[in-house]
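Input: a single structure, listed below in structure tokens.
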Amino acid sequence: MSDKTTRRDFLTRSAAAVAGAVILPQIIPSTAMGLGGKLPPSDRIVMGAIGTGSQGTGNLKGFLGRVKELQFVAVCDVDTSHAANAKGLIDQINKNSDCRTYGDYREFLEKEKLDAVSIALPDHWHGLIYSAAANKKLDVYGEKPLARTINDSKAIVSAVKNNNIVWQTGSWQRSLENFRRGAELAVNGRIGKLTRVEVGLPDGGRGIGTPPVMEVPAELNWEMWLGPAPKVPYRGVSHWNWRWILDYSGGQLTDWTGHHIDIAQWGFGMERSGPVEIAGEGVYPRDGIYNAPVEYDFNCKYANGIEMRVANASRLRMGMGATWYGEKGWIHVDRGNVLLASDPKILAEVIGENEIHLYKSDNHIGNFLECVKSRKETVAPVEIAHRSITVGLLGEIAMTTGQKIQWDPEKQEIIGNPVASRLLTRPYRQPWSVPTI
Amino acid sequence: MKKQYILVLVFAGLLATFNACQKSAEYKALIVTGQNNHNWKASSPVLKQLLEQTGLFTAEIVKTPEKGGDMSTFNPDFSKYNVVVIDYNGESWSDKTKTAFADYVNNGGGVVVYHGANNSFPEWKEFNLMCGLGGWGNRSEKDGPYVYFKNDSMVIDTTAGRGGSHAKRHEFEVKIRNAEHPVTKGLPIHWMHGNDELYSQLRGPAKNMEILATAYADTTGGGSGRDEPMLMTISYGKGRIFHTVLGHADEGGGPAMECAGFIVTFQRGAEWAASGKVTQKIPYDFPNAAGVSIRTGFKELTLADDMAMIEKYDITKSTKYFADLQSRIRNEAKTAQDYQQFEKLMIKVLESKEATDDSKKLILGELSWMGSDLCIPAIKELAKNAGLKDAAEFALARMQPTK
């Protein structure tokens, strides 16, 4: 067991010392924390990681770059080689060989005393593991998209809220100046009244047919990798390429929903609401085990009259990214620090004191760590991540059924369509059960 | 006597029913062939079949004299037709015939330039204006620029060099560049084309020409490294020309012609050339970026075909019949009755002794969202089968959530 005093222990003890106090978010101004300087051990955030494949390792390296503020003590992955790689990175930073490794998140959460956890898993595991981490009262940095289904997503939101934890979604574009600036100009009417929005996400690619059944690599616990998804034999598709199979992901659409749709809704004040009507169509592979749509094109109508078109990039004139169209022009944002407008003068506009100022974060992981200390809301909180993936998943439902979907963003229900409503959930395979809301 | 009379009546009745079911053919098409370095004896009957299977065309094939024959005898009355399909690469026609053809197009006649036809008539200026681009036949900078796409923009390249090349045949991805044109509207933007010659480095006058689709000629396969035009439209006088470089023919057609992407763009292009509009629906087997779609025997599958193949599905076989069933449900089911029609066919698969477990699993997944109470007894029955228990429970849990 860890002999270190975790930050959570410290906070709990401090809080307990205040007579009659409930555990209130303890506000310590970041300036007082001496950010950038070395923190006393009791203030270093004790962390672990679940899921240390490519994205998980990328995130881990991001965290390890801020080692003065935190300490990683344990990792968990169903692939022992992933866990070993992550342990290697951590031990090198910690200058010891103490990082513990696990293959089962339940054991990891039970045994480790952590403040926060970084989670990067295939989407079909998000509902269970995000909820479980929240229920352990750990602060979570979790990868987008928030969940594989809208019901799972709702369950995660309620777990995060009930446990009053700090949540940051890996929608890191929110911490980049060009995206925030574009959204802020749009939401403050710098292109006039907004009329429509376009979101371009990546096109899908080539299939692989159905590869033969293969021996499961010794390092991979295939049963645990599948978890709540249908039991299928191993065909060499697990890490990374899970995202082309609907049992685990919705393909490029849902993979990127947490980026450009997330930014788009930020720019017209809908990041905590959602559309009222969704309709469109997808192009699906006809052969093989990859079955997520390779092209998609759907339209979302919002109660305020704005329409948002979401499509694979090659269907849109502006390609990848988010574009807001207003009565007086347009603004476009994309990766690679792209911030364009119909008139360059728009980009020079100053946002006045009494106008809308969007949450400013210049470092996504840094923002999370600051919020873990301050107990404030992050730049990509769970509710917003939930509202972002809801759009992608409603688009998926509209395409799957070929129907126009009516959605109530208040009640978060599909209106008058019990058949399409079934697609709000995916039953879990025994012994796993859908997390409760 | 009496028996024969009844038979005749029955036959006449069948014929009448058959004719009533057929869409009346609105357009007349003429396929011109007879000489070609390509296998015109294989391609032209296929082109005729493809035109006629749309129900929009009656098509005739006209052959020029063989090489060395008297070309002055080749004098079709083009004006009788709505569209002329050129499947020809041979000796020059007589001046009279050339003039008649140019007049036909000038006056609003439609033309489809098919694959090797753009190799023909390097010396005939008017024909090259109709094709926009051509290849081989000593074409060079004297015949016009290279035209291709680079960074999503069209490039007119006057660099000196030969016109026309292609790498070894391979499957390649076609990219739609204008998704608003009647021919391409609604097609997937990216689709894999069956094994074909990727025509490259074509040159020509390129006047009044619009490129609808390109394909990247990969240098690793010996290609030009350019996004080369695959589908084009050209206007000449009042006439409309659709130019497809796809569809190299093997004996019986082969994968380039059996590609549903070639078939459908040819059929749509021909209708557009004949009429300026496209009324054909995009079929469910149109290919996309995930892989090619070969229509064996040029036959479009019916729902009954799909269901029969789904029954036989095991994991080693293609899922395309099931994918097409899903597309049919998405596109055709509007009312509860429509859904039940599909559901009844799917229940038959669940109850079939011949149907494989793999096919039943696919069907259970689909029924999980669109099935009604009707299919529940069949699913409960399958839940007793160890191999299907999980899939059946998945379907039941989704259809009858316990709250």
Side-chain angles (χ1 to χ4, degrees), chain A residues 151 203-213 228-233 235 244 246-247 251 281-297 311-317 319 397-403 418-430 433-434, chain B residues 152 171 173 175-177 179 186-192 260 284-293 314-324 326-334 336 339 358 361-362 364-366 368-372 389-391 393-401:
Chain A
N151 269 22
D203 293 69
R206 205 70 22 93
I208 55 166
T210 301
V213 175
K231 188 168 177 68
V232 292
R235 294 180 188 275
W244 322 126
L246 292 172
D247 283 335
E281 55 188 37
V283 174
Y284 291 81
R286 292 178 68 241
D287 216 345
I289 57 170
Y290 290 177
N291 57 2
V294 289
E295 296 194 32
Y296 40 90
D297 197 342
N312 53 301
S314 55
R315 288 174 181 248
L316 302 177
R317 210 164 62 86
I397 292 172
M399 299 193 303
T400 301
T401 58
Q403 297 175 11
V419 167
S421 298
R422 290 183 195 159
L423 293 166
L424 295 170
T425 186
R426 292 178 78 84
Y428 282 16
R429 182 169 59 103
Q430 300 288 345
S433 55
V434 175
Chain B
D152 291 337
E171 292 178 353
E173 186 178 278
K175 180 176 182 186
I176 302 296
R177 296 292 182 170
L187 298 181
I189 304 295
H190 302 272
W191 46 276
M192 287 301 295
Y284 301 126
D285 64 351
F286 198 90
N288 59 55
V292 297
S293 171
D314 69 50
I315 199 90
T316 65
K317 297 195 178 102
S318 173
T319 49
K320 65 186 176 187
Y321 309 101
F322 176 67
D324 290 354
Q326 291 182 305
S327 298
R328 287 178 193 280
I329 293 170
R330 271 180 206 125
N331 286 282
E332 294 168 21
K334 306 284 174 217
Y339 279 103
D358 285 339
K361 278 184 195 168
L362 295 180
L364 285 166
E366 193 68 4
S368 77
W369 74 266
M370 50 72 68
S372 71
K389 186 171 166 285
D390 281 357
E393 281 175 356
F394 179 96
L396 291 171
R398 213 179 218 174
M399 296 170 74
Q400 303 178 308

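Every chain is numbered from 1 and lettered A, B, ... according to where its sequence line falls, protein lines coming before strand lines. Just so you know, these numbers come straight off a predicted model, no measurement behind them.
Side chain of B:N331 to backbone of A:G402: no donor-acceptor contact under 3.5 angstrom is found. Under the 3.5 Å distance criterion, the side-chain polar atoms of A:T401 are left unmatched by any main-chain donor or acceptor of B:R330.
Between A:E295 and B:I189, the shortest heavy-atom contact is OE2-N, 2.8 Å. Listed here is the closest heavy atom pair of A:P285 and B:A323: O-CB, 4.1 Å. When all heavy atoms of B:P188 and A:R315 are compared, the closest pair comes out as CA-NH2, 4.3 Å. Contact between B:S318 and A:D287 at its shortest, heavy atoms only, is OG-OD2, 2.8 Å. The two residues A:G204 and B:A289 make their nearest non-hydrogen contact at O-CB, 3.7 Å.
With a threshold of 4.5 angstrom between heavy atoms, B:T316 does not approach chain A through any atom at all. Proximity to chain B is absent for every atom of A:R317, based on heavy atoms less than 4.5 angstrom apart. When heavy atoms are compared at a cutoff of 4.5 Å, B:Y339 approaches chain A solely by way of its side chain, counted from C-beta outward. Contacts between A:V294 and chain B at a heavy-atom distance below 4.5 Å involve the side chain alone, from C-beta outward. At a 4.5 Å heavy-atom cutoff, the contact between B:Y284 and chain A is made by backbone atoms alone. For chain A, no part of B:K361 is nearby; none of its heavy atoms comes within less than 4.5 Å. When heavy atoms are compared at a cutoff of 4.5 Å, B:D152 does not approach chain A at all.
When each of B:G365, B:S368, B:A333, B:A391 is checked for heavy-atom pairs under 4.5 Å with chain A, B:S368 comes out on top. Most heavy-atom pairs under 4.5 Å with chain B: of the set A:D203, A:T425, A:V434, A:T400, this distinction falls to A:T400. Comparing B:H190, B:M370, B:E332 by heavy-atom pairs within less than 4.5 Å of chain A, the highest count is held by B:H190.
Of the inter-residue distances, the one linking A:R286 atom CZ with B:Y321 atom OH reads 8.5 Å to the nearest 0.5 angstrom.
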Item to check | Steps toward side-chain contact (heavy atoms from CB on, under 4.5 Å) verdict (A:R235, B:I315) | outcome: CA-CA 11 Å; A:R235 294 180 188 275; B:I315 199 90; 3.3 Å; yes
